[in-house]
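Okay, so here's the structure we're looking at.
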Protein chains: 2
Amino acid sequence: MAKIKENSTNSFNRKFLTDCDLTYALQLMGGRWKLLILMRLTSGTQRFGELKKKITNITERMLTLQLREMEADGLITRQVFAEVPPRVEYTLTEIGKELISICDALHTWGARHRFQVAGEVSALSHDDVAEFSDSPPSAQLNDMV
Amino acid sequence: MAKIKENSTNSFNRKFLTDCDLTYALQLMGGRWKLLILMRLTSGTQRFGELKKKITNITERMLTLQLREMEADGLITRQVFAEVPPRVEYTLTEIGKELISICDALHTWGARHRFQVAGEVSALSHDDVAEFSDSPPSAQLNDMV
DNA sequence: GCCATTACTTACATTTTTGTATGTACCATA
DNA sequence: TATGGTACATACAAAAATGTAAGTAATGGC
């Protein structure tokens with residue numbers, strides 16, 4: 001997403017692919033950190049700082065950008081509390097929640113693919129990266145998400 | 001994918017996210033044209049030229065690049081026939097086929113999302129872009145794929 | 001010999017995405 | 001008065017993805 005320059009073939013193709021429901025969906029979830037954010041929010045509302053802490057390696061700028069796009073795309077809602085220091089909470093929308101099961105399927109597929117092509121299992125243990133412990137809806141996920 | 005420079009934070013993060021099965025999966029299917037290629041192949045083996053014709057707006061270079069990555073990732077196989085002019089056929093692998101149902105779900109979700117946020121229905125009709133008629137496995141798809 | 005066909009390759013340019021570094025507002029507390 | 005915490009914004013730089021234009025190899029048909 002970000003800036004859109006009306007003329008280039010590149011941005012034309014992006015728009016063109018928006019017409020297909022499948023590639024449209026990919027555009028909504030395709031950012032580098034978006035699925036991780038989404039999975040973090042499956043356990044419920046989270047503050048900006050909580051997300052930042054739990055999503056290893058993401059920078060504040062990237063987190064902000066991805067959250068803003070997800071908000072603009074209707075995947076999450078953003079609630080600002082008039083406090084000092086500021087508090088901002090992010091929550092999955094209904095349509096956002098509907099992505100969870102697809103993510104679960106993708107996660108499973110990814111693990112199967114990894115196992116098949118490399119004969120190896122997920123490299124990360126629970127301790128290497130932040131966990132995802134408090135998650136009733138998709139408790140099978142066992143690595144970063 | 002493409003070129004990888006070992007040192008940058010950018011490529012480090014790419015590798016880092018490879019450790020998570022979910023973001024790993026996203027990397028495999030995340031190219032701009034990959035899902036379209038995949039859906040085209042659901043109806044069976046296709047030649048390079050057939051894919052090129054059916055996937056509107058893709059250039060030969062992009063088609064080549066995406067196909068090569070998908071082959072390297074084990075999503076498709078590539079068979080070259082020693083003929084002149086050359087003939088090259090692409091076929092989904094088993095693990096590649098396992099993505100189809102996920103794509104179907106994503107497609108459905110995309111349509112629902114589009115309808116919800118904009119109150120509009122898929123912009124493309126069957127005639128605007130190449131169709132996807134000969135597809136037993138996922139016959140619900142109705143736009144580009 | 002010349003052209004058409006197919007599936008590419010290569011060099012290059014442009015656009016988009018991602019990351020770095022620094023600054024800001026607000027108010028409570030020390 | 002100075003400091004700390006939170007959730008950003010901004011200017012800039014680097015890297016990656018995408019697109020353009022041209023060329024290539026092999027061979028059969030004219």
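Atom set for the values below is all heavy atoms of this structure, side chains included, hydrogens, waters and symmetry mates excluded. None of these values were measured; they are calculated from a predicted model.
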So, is B:Thr9 near the phosphate of D:dA15, with a side-chain N or O under 4.0 Å from OP1 or OP2? no
Please confirm whether the backbone N or O of A:Glu50 pairs with a side-chain atom of A:Arg40, one donor and one acceptor, at under 3.5 Å? no
Return the set of residues passing side-chain contact (heavy atoms from CB on, under 4.5 Å) with B:Leu65 (not counting sequence neighbours), or none when no residue passes. B:Arg61, B:Met62
Could you give all pairs that pass the side chain to side chain donor-acceptor pair (under 3.5 Å) test and reach residues 82-95 of chain B, with sequence neighbours left out? B:Thr45-B:Thr91, B:Arg78-B:Tyr90, B:Glu83-B:Arg87, B:Arg87-B:Glu89, B:Glu94-B:Lys97
So does B:Asp73 get a backbone contact from the side chain of A:His113, meaning a donor-acceptor N/O pair under 3.5 Å? yes
Tell me: CD1 of B:Ile58 to P of D:dT20, nearest whole Å? 12 Å
Applying salt bridge (charged side-chain N to carboxylate O under 4.0 Å, His left out) to A:Glu60 and not counting sequence neighbours gives A:Lys52
Rounded to the nearest Å, what distance is computed from the CZ atom of residue B:Phe16 to the C1' atom of nucleotide C:dG19? 15 Å
Measure from CZ on B:Phe12 to P on D:dA16 and round the result to the nearest Å. 14 Å
Mind calculating the distance between CZ (A:Arg32) and P (D:dA14) to the nearest angstrom? 17 Å
Does the B:Glu98 side chain pair with the main chain of A:Trp109, one donor and one acceptor, at a distance under 3.5 Å? no
Interatomic distance where CG belongs to A:Leu65 and P belongs to C:dT16 [whole Å]: 15 Å
Tabulate atom names and distances for all N/O pairs under 3.5 angstrom spanning the protein and nucleotides 5-9 of chain D.
residue, atom, partner, partner atom, Å
D:dT6, O3', A:Arg47, NH2, 3.0
D:dT6, O3', A:Pro86, O, 2.9
D:dA7, OP1, A:Arg47, NE, 2.9
D:dA7, OP1, A:Arg47, NH2, 2.9
D:dA7, OP2, A:Gly49, N, 2.9
D:dC8, OP1, A:Arg68, NH2, 2.6
D:dC8, OP1, A:Arg78, NE, 3.4
D:dC8, OP1, A:Arg78, NH2, 2.3
D:dC8, OP2, A:Tyr90, OH, 2.6
D:dC8, N4, A:Glu60, OE1, 2.4
D:dA9, OP1, A:Arg68, NH1, 3.0

Between D:dA17 and A:Asn10, is there an OP1 or OP2 to side-chain N/O distance shorter than 4.0 Å? no
Round to the nearest Å and state the distance from B:Phe81 atom CZ to D:dA25 atom C1'. 19 Å
Going by ring pair (Phe, Tyr, Trp, His ring centres under 6.0 Å), name the residues that satisfy it together with A:Phe48, two or more places apart in sequence or in a different chain. none
Say whether, by atom type as modelled, one donor and one acceptor occur between the side chain of A:Thr42 and the main chain of A:Leu38 under 3.5 angstrom. no
For C:dT18 and A:Gln66 - does any side-chain N or O of the residue sit under 4.0 Å from the phosphate oxygens OP1/OP2? yes
Figure out the NZ/C1' separation between A:Lys15 and C:dT16, and round it to whole Å. 15 Å
Tell me the interatomic distance from A:Met62, atom CE, to D:dA14, atom P, rounded to whole angstroms. 16 Å
Is the shortest side-chain N/O distance from B:Asn13 to OP1 or OP2 of C:dG19 below 4.0 Å? yes
Terminal axis angle for the helix from C:dG1-D:dC30 to C:dA30-D:dT1, five pairs an end, nearest 10 degrees: 30°
Are the side chains of A:Leu22 and B:Asp104 in touch, meaning some heavy atoms are under 4.5 Å apart? no
